[in-house]
*Asks:* 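One structure follows; several queries about it will come next.
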Number of protein chains: 2
Amino acid sequence: MIDWDDIRYFLAVARGGSVRSAAQSLGVNHATVLRRIGQFEERLGAQMFEKLPSGYRLTEAGEEVLELAEQMRATSHQLETRVFGRDQTLRGPLRVTLAPPLATHLLMPDFADFARLHPEIEMEILSSGELANLTNREADVAIRVVYDRKTLPLNLHGLKGPDLFGGIYMSRDRLAAWRAGTPAPMRWIVISMHGVPDWAHEGEVRTTGVPFRVTDIAAQIVAARQGLGMTTLPCFVGDADPLLARVPGTALHLYGTLWLLTQGETRKTKRVRLFTEFLSRRLGAYAPLVAGLSPSRD
Amino acid sequence: MIDWDDIRYFLAVARGGSVRSAAQSLGVNHATVLRRIGQFEERLGAQMFEKLPSGYRLTEAGEEVLELAEQMRATSHQLETRVFGRDQTLRGPLRVTLAPPLATHLLMPDFADFARLHPEIEMEILSSGELANLTNREADVAIRVVYDRKTLPLNLHGLKGPDLFGGIYMSRDRLAAWRAGTPAPMRWIVISMHGVPDWAHEGEVRTTGVPFRVTDIAAQIVAARQGLGMTTLPCFVGDADPLLARVPGTALHLYGTLWLLTQGETRKTKRVRLFTEFLSRRLGAYAPLVAGLSPSRD
DNA sequence: TCCAGGCGGATCGTTTTCGCACCACCCTTG
DNA sequence: CAAGGGTGGTGCGAAAACGATCCGCCTGGA
């Protein structure tokens, strides 16, 4: 009899294209993957991969197997979510994924409140890199900013939050200096991968020279605080920062709408329901802030 | 991440109803099953079984999981058969299941011929107990006696063989003695679980006393040879045995039709095709014998 | 009533599996 | 042309899984 878990290894190699990448995604040593694939092929009596110097490529037989293996993976995921959906106890895990700035500058206090309110729920905030996949149960709740509602995955259930606006900000000290008539070089601070947004135009304060490029939003904010120049920021970041102020003569711009996303079976969980209801209330209170309606006074 | 192989263990326990029976069907120690089920429940964070003194019974959650687990098993079987169906090499396994008397008294010489003809094919004859399940790939070819064609599984491909008749036999010596006018007590020899078939009536020779019960066909034949009485036997057994003769005044009866059964993907295999074609030819030659048209002369 | 045989569970050596380090190889890149 | 990062493959010691065995429990039949 073949070991069903070998099929998981097979899928990882088929997707990763190499034994080592599969090992990484599986969280095991690459030698283990090597052995499991060998065992799998031996027990099936057929070669699933061509062993090239560049990696493992599926053979014709492997392609046929892949189709059914994917099906098993889908069933397995379904099985897990179904069990998790039945879980009505408070004690247990709850994973939330969201964009880093949302966590850092807006919602972390609320997460903390929720965690204090329900100490038995093991919260895990996934705000590291990119979008976690809800369908694969990498997270239970996703908080996303969506510009076009039609881009929402259809298999997810969405709870609409407030609209989110952004503006153009600069150091409050520099703004004071500019008003006092002592201008100094003012540059665009941009995230390298994004550049200057289309809607961002200089207001009364003019920029000079080339843009100043940073890689992440944290550095962007620090640079702005230092008075290096002006930059686009979500209102909930810029307005809440006492060291920053909106650049005179600039307008706000709609970033998108905040959505609370959950998935089929897991939504029934008591933990998920508690969290989404809690957060939904909090988001309602944040509506003016994220819409840019409560700017810090000059 | 859950170990997919645990789902196999889960299925075995769900079907067997106890850890020990599952262990037996899986061919492992029951402690292993215990550990795997424990691990499975722990990783899913839910109880799949109620642990009763009488065994493991599925919980409500377990029932829901079972549904998807069965689906995974189906996919896994499909995967195996698909790979096996691609296998066009001669070297490899070939498992044949059939009723014990067919193997012992009719087809074993043909199996031997086939094995000699194709020494690279590892033949395995499953004539032990009950029907192996072709759909589960417990065997590649099944040879079955079917009375009603409608009882054939629809998912299997059948190759019709000759009709199979049975008759009533007794010891040739006893028959001679009876003819010489020296009667002695004559009993029905029956397989315990079957009893005397409806169609079996005494002929010119009369039975006395209670039936003589045996548990298997081998003992049945030996008892008949010993002159204990008369018994029903397939013609290919009774007519081929020089120590047995038909009871005068009794008729033959249709047992059923021999079928060569194969399953979807595996049928494409060269080994399976070779075997079914070979056996089909041989069965054609056996048609008169199994139909009772070549009785041994008195 | 007692005994046998089914069950789940725990313990303890032993076998198997795994992770680590290392090798040879290929390719790109500086 | 050499160096670095990628690939698959291999040997060895540690760790985890396993099988054998024993135990206590319950049930059904003698």
*Asks:* Whole angstrom is fine here: how far is it from CG in B:D3 over to C1' in D:dC18?
*Replies:* 14 Å
*Asks:* Nearest whole angstrom, please: distance from the C1' of C:dC18 to the CD1 of A:I37.
*Replies:*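 Roughly 16 Å, once rounded to whole Å.
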*Asks:* How many Å lie between CZ on B:F40 and P on D:dA17, as a whole number?
*Replies:*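 After rounding, the reported distance stands at 16 Å.
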*Asks:* Grab the CG-P distance between B:L34 and D:dT21 for me, whole Å please.
*Replies:* 18 Å
*Asks:* Cut-off 3.5 Å, side chains only: do B:W188 and B:T231 have a donor facing an acceptor?
*Replies:* no
*Asks:* With distance as the sole criterion, do the side chain of B:R35 and the base of D:dG19 form a donor-acceptor contact below 3.5 Å?
*Replies:* yes
*Asks:* Distance check: side-chain N/O of A:T32 vs OP1/OP2 of C:dC18, anything under 4.0 Å?
*Replies:* no
*Asks:* Honestly, is A:R36 close enough over A:Y9, meaning NZ or CZ under 6.0 Å from the six-membered ring centre and within 45° of the axis?
*Replies:* yes
*Asks:* Taking the nucleotide of DNA chain D with the nearest heavy atom to each, does B:A31 or A:G55 sit closer to the 5' end?
*Replies:*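 Mapping each residue to its closest nucleotide by heavy atoms, the 5'-most match is A:G55.
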*Asks:* Taking atom types as they are modelled, would you say the side chain of B:H30 forms a donor-acceptor pair with the base of C:dG9 within the 3.5 Å cutoff?
*Replies:* yes
*Asks:* Can you check the A:N29 CG to D:dG11 P distance for me, whole Å?
*Replies:* 16 Å
*Asks:* Starting from C1' on D:dA17, measure out to CZ on B:R8 and report it in whole angstrom.
*Replies:* 15 Å
*Asks:* Return the nearest nucleotide to the side chain of B:Q39; candidates are D:dA17, D:dG19, C:dG19.
*Replies:* D:dA17
*Asks:* Which class fits the ring pair B:F49 and B:Y56: parallel under 30°, tilted 30 to 60°, perpendicular over 60°?
*Replies:*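 It falls in the tilted class, 30° to 60°.
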*Asks:* Nearest to the side chain of A:K51, which nucleotide is it out of D:dG9, C:dG8, C:dG19?
*Replies:* D:dG9
*Asks:* From the list C:dC7, C:dG9, C:dA21, which nucleotide is the closest neighbour of the side chain of B:S18?
*Replies:*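 My answer, after comparing the listed nucleotides, is C:dC7.
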*Asks:* Between D:dG9, D:dT21, C:dG9, which nucleotide has the shortest distance from any of its atoms to the side chain of B:Y56?
*Replies:*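 When the side chain of B:Y56 is considered, C:dG9 is the closest of D:dG9, D:dT21, C:dG9.
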*Asks:* At less than 4.0 Å, is any side-chain N or O atom of B:R36 found next to OP1 or OP2 of D:dC18? Yes or no.
*Replies:*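 Affirmative; the distance criterion is met.
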*Asks:* Please state how far atom CD in B:Q24 lies from atom C1' in D:dA20, giving the value in whole angstrom units.
*Replies:* 16 Å
*Asks:* Quick one: is B:Y9 getting a side-chain N or O under 4.0 Å of the D:dA17 phosphate, OP1 or OP2?
*Replies:*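 No, outside the criterion.
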*Asks:* Before giving the answer on side chain to side chain contact (heavy atoms under 4.5 Å, CB included), spell out for B:L233 and B:Q220 the whole-Å C-alpha distance, their side-chain angles and the decisive distance to 0.1 Å.
*Replies:* CA-CA 9 Å; B:L233 283 175; B:Q220 182 187 10; 4.0 Å; yes
*Asks:* Tell me which nucleotide among C:dG19, D:dC26, D:dG9 gets nearest to the side chain of B:P53.
*Replies:*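 For B:P53, the side-chain atoms sit closest to D:dC26.
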*Asks:* Ignoring hydrogens and angles, answer whether the base of D:dG5 and the side-chain atoms of A:R20 contain a donor-acceptor pair closer than 3.5 Å.
*Replies:* no
*Asks:* If I take atom CG in residue A:D5 and atom C1' in nucleotide C:dT17, what distance separates them, rounded to the nearest angstrom?
*Replies:* 13 Å
*Asks:* Anything under 30° is parallel, anything over 60° is perpendicular, the rest tilted; go ahead and classify A:F275 against A:F111.
*Replies:* tilted
